[in-house]
Structures are given as structure tokens and as C-alpha cells.
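Ligands are counted one by one from 1 in listed order, and the atoms in each one are counted from 1 as well. Positions are given from 1, in the same order as the sequence printed here. Everything numeric in this text was worked out from a predicted model, so none of it was measured.
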Amino acid sequence: MIEHIYLDYAATTPVSDIALAAAMPFYKTVFYNPSSTHALGQKSAAAVERAREKCAAAIGACADEIYFTSGGTEAINWAMSQARTSGKKRIAVSTIEHDAVLACAEALKSVGFIIDYVKPDAQGIITPEAVENAVTEETALCCVMTVNNIVGTIQPVKQLAAAAHKKGALFFTDAVQAVNSLELNVKEINADMLAVSGHKFYAPKGIGFLYVKRGVKIPPLLKGGEQEKGLRAGTLDVPSIVAMGEAIELAADNRNKYTDRASELSAAFLNALDYGTPILCNQKTADILSVVFEGINGGRLAVALSLAGLCCSVGSACSAGSATPPRTLSEMGVEHPECAVRFSFGSCTTLSEVKNAAAIVNETVKRLNSGK
Ligand code: PLP
């Protein structure tokens, strides 16, 4: 059996030892329901609140502004549902958002909203001017992600929030791909809402949170209980919440080391590649890299690479079944977006892995180019 090399950390990461160790007692020893008012339940509740404080501290928020969710998609759905209660009828959304944002925009359209789409420039950046042109006095919400999941572009979210606020719109940012590489401060950005997903930064899958600025009112997501201030009913996943608290603190502590390492890995990988045109934008994180291999369909190449021992992807795992190339690339005007493959590096990736991965890519591309 082949030992696969994994270069798909933007799809998901393993749970770190520290996060796992922190979560373990809450499966068996301290298994109590955090909503129980008795002394044992309060042990679980205290752990949840400690984790909430860690999540808040990692993004410069206050603990009462953090609402736990089942991950990024849920946080996005919740944030965008805010527009329904605003009394306004427009939203502005960048065209390079994750499918969760774009699908929520379509859902708003079906109930009468007008969607103003904001395109990126050739560098994959949503400019403040583009947002200013798209946002009107009637815009409830402007949505632009912090880091793009296909090419890693870092958006100027502080300036974008200011542009949205000028016209009275709220600003929501999907920061799901940002936590490992960027220092996030919601007060500095002046974001009204921000979404985070644990499994992108070495916490378990199925856990995340939505930051909601004090004073911004969001509608209830799930009815039937008093959890999360009565806005998201349902017993909390204490082990995952505890793990996420540890993981986000660790991500913040290790950020410089992480980004240096990702730059080194990405450079070594590119250096060893004989084929392909990397999409290297001016402002990007080092851990996400899309490469266009002209003449070879990206989906076909990703399958061939997997068979040869390298796991990477064409775009986001959520749209892996789709035959269309990543929208981000076509929106940026990249030529042959259908020939792109995404490689993403993580804290477990080694230099020898990226060199071996590049050798697999070289061999596979050469073989597919020769028609074999
Ligand atoms: N937003 C971005 C930018 C993502 O990359 C992803 C996951 O790939 C999501 C949202 C969805 O997050 P989750 O998998 O936690 O639902």
C-alpha cells in the first residue's frame, strides 16, 4: 500500500496533541451537561466559559461576543441570516467567497433581496473602492472573506469594513482560513461578525464559532433551549469546545513560526516543480498555493496524483463533487482555471515531504502530457 503525502491542510487539519489531551477528560470523567445547574454540570460549564474566553482573546473580542456553532458553514449561515432582520433589502458579497456564503446570498435572493456582487482585481483582492461602489444605503450586510481558500489572498478587511460602514451596512468576514497565518483583531478590523472553524487550526471537525459585536442583534438559529443566550439551542459539545479553545490559543502563540515554516515549505515545493504556473498574489498566506498545469484538467490531475501517492485538491472540499473550476480563479481572470490544483501545507508537513510531492507532480504531469 502507498504511504500518501497529505498536502490538503486547507481542507482540514489533524487535532493537535494538546487540544486532544485537553478534550479527553470531558468525554468520560467530566461528561456532565454544562446546562445542568448542579455542581458537576457547573464543572463542564466552567470549562466551556474558559474556552469561550480563549476564543475571544484570540480575536480581540469579549467572551460574551462569542457564540459556539458546529463549524464555519453554520457560523456563515447564522451571520447572513442577520440581513433578514435588518429591514433592508440588499447585500453585497464578493464573488470569491466560499460556497456557504454564496449559497446564503442566493437564499436571500429567493426572499426578495438584491445581491450586489463584488469582483476581485487580477491579484485576487477585493478593493475598498469596489466595496464602496457595490454598497448602498439600502445594503444590510457586506460579506468579504479574510483569507481566500483557493489562492490564500489576504483581503484588506479593515478598509473593507470602513467602506461598508460609510453607507450604514454591517460587515461580516469569513475568517475560516485565516487563524493559522494572521493575527485577527475584530476591534481593529471593526468587523460586526466573523466566522471561525476549528478543524482548520488543529481542533476537531464540527466545531466553530461566530463573533457578533456587542449591540448587533442576530436572530435565533435553533429554538428549544437557553444555550448560547437562547439563540442556538442544543447541548454544547464540551470536548470539542475545550479543544478549540486550546487550539486557537496555540495558533496565536505559534503564528510566526507557522508562517515562516509555511513560506519555507511553499518555496521548496515551488523550487522543485518542473511544471506549472503558481498563482502568486501580492498579499497571500504561504500555506495555500494553487498551481495551473496548462493542458491538464485539474480534477484529472488530482485523481492521478492521489493514485501516485499525493493528496491535494482542486478547490474547497465542500465543492469537490462539482465539475466547475474554482470560481476564485476565473473571477481573477486566471487563464485555464480548469487546469488548477491546490496544494496546502500544515504544521505536520516536512521539507522532505514537499520535495517528494514535487517529484510526484513532475512525474505525473510528464506522463499525462505524453498522453499515457
Ligand atoms: N469558509 C471557508 C473559507 C472554508 O475554507 C471553509 C471550509 O473549507 C468553510 C467556510 C466551511 O467551514 P466548515 O467546514 O467548518 O463548515
Under 4.0 Å from any heavy atom of Thr73, which atoms of ligand 1 are there? 11 (C), 12 (O), 13 (P), 16 (O)
How are the rings of Tyr202 and Tyr9 set relative to one another: parallel (under 30°), tilted (30 to 60°) or perpendicular (over 60°)? tilted
Distance under 4.0 Å to a non-hydrogen atom of Gln177: what atoms of ligand 1 satisfy this? 3 (C), 4 (C), 5 (O)
Has Thr139 got a side-chain atom pairing as donor or acceptor with Leu141's backbone, closer than 3.5 angstrom? no
At under 4.0 Å between heavy atoms, is it the side chain or the backbone of Val176 that contacts ligand 1, or both, or neither? side chain
Ser70 side chain to Ile207 main-chain N or O, any donor-acceptor pair under 3.5 Å? no
Out of all atoms in ligand 1, which are within 4.0 Å of some heavy atom of Ser197? Include the element for each. 13 (P), 15 (O)
May I ask you to list the atoms of ligand 1 that are less than 4.0 angstrom from any heavy atom of Gly71? 15 (O)
Does Glu249 form a salt bridge (charged side-chain N to carboxylate O under 4.0 Å, His left out) with Lys54? I'd like the steps, not just the answer. CA-CA 6 Å; Glu249 193 173 66; Lys54 285 177 191 258; 3.0 Å; yes
Would Lys200 count as a contact of ligand 1 if the rule is a heavy atom under 4.0 Å away? yes
Glu65 and salt bridge (charged side-chain N to carboxylate O under 4.0 Å, His left out): which single residue from Lys229, Lys213, Lys187 fits? Lys187
Please report the C-alpha distance between Glu49 and Arg52 in whole Å, then the side-chain angles of each, then the deciding distance to 0.1 Å, and finally whether the salt bridge (charged side-chain N to carboxylate O under 4.0 Å, His left out) criterion is met. CA-CA 5 Å; Glu49 293 319 310; Arg52 198 186 303 277; 2.8 Å; yes
Under 3.5 Å between any N/O of Glu74 and any N/O of ligand 1: does that happen in this structure? no
Side chain, backbone, both or neither: which applies to Ile76 and ligand 1 if a contact is any heavy-atom pair less than 4.0 Å apart? side chain
Residue selection (non-hydrogen contact nearest atom 14 (O) of ligand 1) among His199, Glu97, Lys205, Met145: His199
Non-hydrogen atoms of Lys119 and Ala130 that approach each other most closely: O-CB, 4.3 Å
